[in-house]
Visitor: 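I'd like to ask you about the structure that follows.
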Amino acid sequence: MTTPEIFRSADKDSLVDAVTERFIATITAAQAARGSASVVLTGGSNGIALLEALAKDSGGIDWSAVDIFWGDERFVAADDSERNAGQAQAALLDHVPVKADRVFEMASSDGEFGDDIDAAAADYAQRLAARAGDGETVPEFDLHLLGMGGEGHINSLFPHSDATGESRASVVAVTNSPKPPPKRITLTLPAIARSREVWFLVSGAEKAEAVAAGVAGADFMDWPCAGAHGTEATVWFVDPAAASNLP
């Protein structure tokens, strides 16, 4: 387990600027070292602001050599504005030369599995396994981006939920999310644990208690954010309001 690194920004805009700069450095370094890179995207205002910034200037990233995954997805129709994938396409992916066969979206409720959310989750798990090596079920992600709710939820892992307590499966279906829409597909904590680096992008005073709990290593069933760690780095990018309960 890596010791959390705290990056305190002056405000939300400078938080996004700092994340963008480090994202470019991290992904270009991964490509230089291994020939390609893999990223797990997140939604939310900070996550989308990052993607919009990268669309304007992504430095030396070779987007044709990046695998794109998502940490979770709303199980709604493909054209629903709530889908993280659609938001990411509009913010970034439509504007950079990513390869379609390296963009791994989760199935929609009007896709090939219809409203069978369990089949859709199993399909994503199979697609992850196909990109993994050495008998692993999940690729070694270079970077997993995370937003966070005020109660500490990450991806679609909510406090005291079966999904948060899942210890084996890499992807699960959520049918009773306390945050609408109720049906979602999510990567689990064991899947997140396959990430070299895990970054939290957090702003706002309503997140301060959860930030403090996550950094302190609270019980992850109470605060799911406390269960997410990278193998090489775990970084909390926080604005002053979100950091207000930190020492």
Side-chain angles (χ1 to χ4, degrees), residues 1-2 27 30 34 36-44 47 66-76 83-85 88 101-109 111-113 115-149 152-177 179 181-200 214 219-221 223-234:
M1 183 184 302
T2 50
I27 299 309
R34 293 177 286 279
S36 66
S38 59
V39 180
V40 183
L41 300 182
T42 186
V66 180
D67 285 342
I68 304 289
F69 301 91
W70 277 266
D72 73 330
E73 187 57 275
R74 282 86 164 175
F75 194 59
V76 292
R83 276 182 62 83
N84 288 329
D101 62 356
R102 301 189 71 163
V103 177
F104 298 89
E105 295 185 21
M106 296 179 179
S108 60
S109 62
E112 63 178 305
F113 305 105
D115 63 359
D116 189 342
I117 192 172
D118 291 315
D123 171 73
Y124 206 69
Q126 291 169 3
R127 294 168 72 195
L128 289 180
R131 297 297 288 183
D134 300 326
E136 296 288 348
T137 58
V138 180
E140 190 172 21
F141 305 122
D142 289 298
L143 176 59
H144 194 312
L145 300 169
L146 290 170
M148 187 190 71
H153 91 263
I154 52 173
N155 290 344
S156 285
L157 303 175
F158 293 88
H160 308 292
S161 68
D162 291 343
T164 299
E166 177 58 51
S167 62
R168 296 178 61 86
S170 60
V171 185
V172 296
V174 174
T175 58
N176 59 349
S177 166
K179 180 181 179 181
K183 292 187 176 181
R184 296 154 175 256
I185 299 170
T186 186
L187 268 60
T188 60
L189 289 174
I192 296 172
R194 288 284 295 163
S195 309
R196 289 186 171 91
E197 301 200 18
V198 170
W199 297 0
F200 294 85
D219 186 329
F220 68 84
M221 289 302 291
W223 301 96
C225 59
H229 306 277
T231 59
E232 297 179 9
T234 304

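Only this structure's heavy atoms are used, side chains among them; waters, hydrogens and symmetry mates stay out.
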Visitor: Check Ala163 against Thr188 and note the closest heavy-atom contact, atom names and distance.
Guide: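 In terms of heavy atoms, the two residues are closest at O-CG2, 4.4 Å.
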Visitor: Would you say the side chain of Thr137 lies within less than 4.5 Å of the side chain of Leu128, judging by non-hydrogen atoms?
Guide: no
Visitor: Tell me, please, which residues at least two apart from Trp199 pass ring-ring contact (aromatic ring centres under 6.0 Å, His included).
Guide: Phe237
Visitor: Just by modelled atom types, is the Gly47 backbone N or O under 3.5 Å from a matching donor or acceptor in the Thr42 side chain?
Guide: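 Looks like no, no N/O pair under 3.5 Å.
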Visitor: Between Ala228 and Phe200, which heavy-atom pair has the shortest distance, and what is it?
Guide: CB-CZ, 3.8 Å
Visitor: Report yes if the side chains of His153 and Ser177 come closer than 4.5 Å at any heavy-atom pair, otherwise no.
Guide: no
Visitor: Which of these, Val40, Val103, Val138, sits in a side chain to side chain contact (heavy atoms under 4.5 Å, CB included) with Phe69?
Guide: Val40
Visitor: Would you please name every residue forming a side-chain contact (heavy atoms from CB on, under 4.5 Å) with Asn176, sequence neighbours left out?
Guide: Val174
Visitor: Can you name the salt bridge (charged side-chain N to carboxylate O under 4.0 Å, His left out) partners of Arg83, sequence neighbours left out?
Guide: Glu73, Glu105
Visitor: I'd like to check the ring-ring contact (aromatic ring centres under 6.0 Å, His included) partners of Tyr124; sequence neighbours left out, ordered by chain and number.
Guide: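 ring-ring contact (aromatic ring centres under 6.0 Å, His included) check on Tyr124 returns nothing, list empty.
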Visitor: Can you measure from CE (Met106) to CZ (Arg127) and round to the nearest 0.5 angstrom?
Guide: 9.5 Å
Visitor: Looking only at atom types and distance, does a side-chain atom of Asp219 sit under 3.5 Å from a main-chain N or O of Met221, one as donor and one as acceptor?
Guide: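 Flag set: sc Asp219 to bb Met221 pair under 3.5 Å.
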Visitor: If you look at every heavy atom in Pro139 and Ala132, which pair is closest and at what distance?
Guide: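 Nearest heavy atoms, Pro139 then Ala132: N-CB, 3.6 Å.
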Visitor: Does Gln126 have any side-chain hydrogen bond (donor to acceptor under 3.5 Å, both in side chains) partners at least two apart in sequence or in another chain, and if so, which?
Guide: none
Visitor: Could you measure the distance from the OG atom of Ser38 to the CD1 atom of Ile27? Nearest 0.5 Å is fine.
Guide: 7.5 Å
Visitor: Within the 4.5 Å heavy-atom criterion, are Leu41 and Asn84 side-chain neighbours or not?
Guide: no
Visitor: Using side-chain hydrogen bond (donor to acceptor under 3.5 Å, both in side chains) as the criterion, list what pairs up with Ser156, not counting sequence neighbours.
Guide: Asp72, Arg184
Visitor: Output the distance between atom CG (Asp123) and atom CD1 (Ile117), rounded to the nearest 0.5 Å.
Guide: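 Asp123 CG to Ile117 CD1: 12.5 Å, rounded to 0.5 Å.
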Visitor: For residues 128-148, which residue pairs qualify under salt bridge (Lys or Arg N to Asp or Glu O under 4.0 Å), counting only residues two or more places apart or in two chains?
Guide: Arg34-Asp142, Asp67-Arg131, Glu136-Arg194, Glu140-Arg196, Asp142-Arg196
Visitor: Does the side chain of Trp70 reach to within under 4.5 Å of the side chain of Ile185, using non-hydrogen atoms?
Guide: no
Visitor: Can you sort out the partners of Phe113 under ring-ring contact (aromatic ring centres under 6.0 Å, His included), two or more places apart, ordered by chain and number?
Guide: none
Visitor: With a 4.5 Å limit on heavy-atom distance, are the side chains of Phe141 and Leu187 in contact?
Guide: yes
Visitor: Suppose we screen for ring-ring contact (aromatic ring centres under 6.0 Å, His included). Which residues come up paired with Phe220, at least two apart in sequence or across chains?
Guide: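 Not a single residue meets the ring-ring contact (aromatic ring centres under 6.0 Å, His included) criterion with Phe220.
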Visitor: side-chain hydrogen bond (donor to acceptor under 3.5 Å, both in side chains) with Thr2: which residues, sequence neighbours excluded?
Guide: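 Applying side-chain hydrogen bond (donor to acceptor under 3.5 Å, both in side chains) to Thr2 gives Thr234.
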Visitor: Closest approach of Thr231 and Ala193, non-hydrogen atoms and distance?
Guide: CG2-O, 3.5 Å
Visitor: What side-chain hydrogen bond (donor to acceptor under 3.5 Å, both in side chains) pairs are there with at least one residue in residues 157-171, not counting sequence neighbours?
Guide: His160-Asp222, Ser161-Thr164
Visitor: Considering non-hydrogen atoms only, spot the tightest contact between Pro181 and Val76 and give its length.
Guide: CG-CG1, 4.1 Å
Visitor: Using the test side-chain hydrogen bond (donor to acceptor under 3.5 Å, both in side chains), find all partners of Ser109 that sit at least two apart in sequence or belong to another chain.
Guide: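 Scan of Ser109 (side-chain hydrogen bond (donor to acceptor under 3.5 Å, both in side chains), adjacent residues dropped) gives none.
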Visitor: Of the non-hydrogen atoms in Pro159 and Pro224, which two are nearest, and what is the gap between them?
Guide: N-CG, 3.6 Å
Visitor: Measure the CD1-OG1 distance between Ile192 and Thr186 for me, rounded to the nearest 0.5 Å.
Guide: 7.0 Å
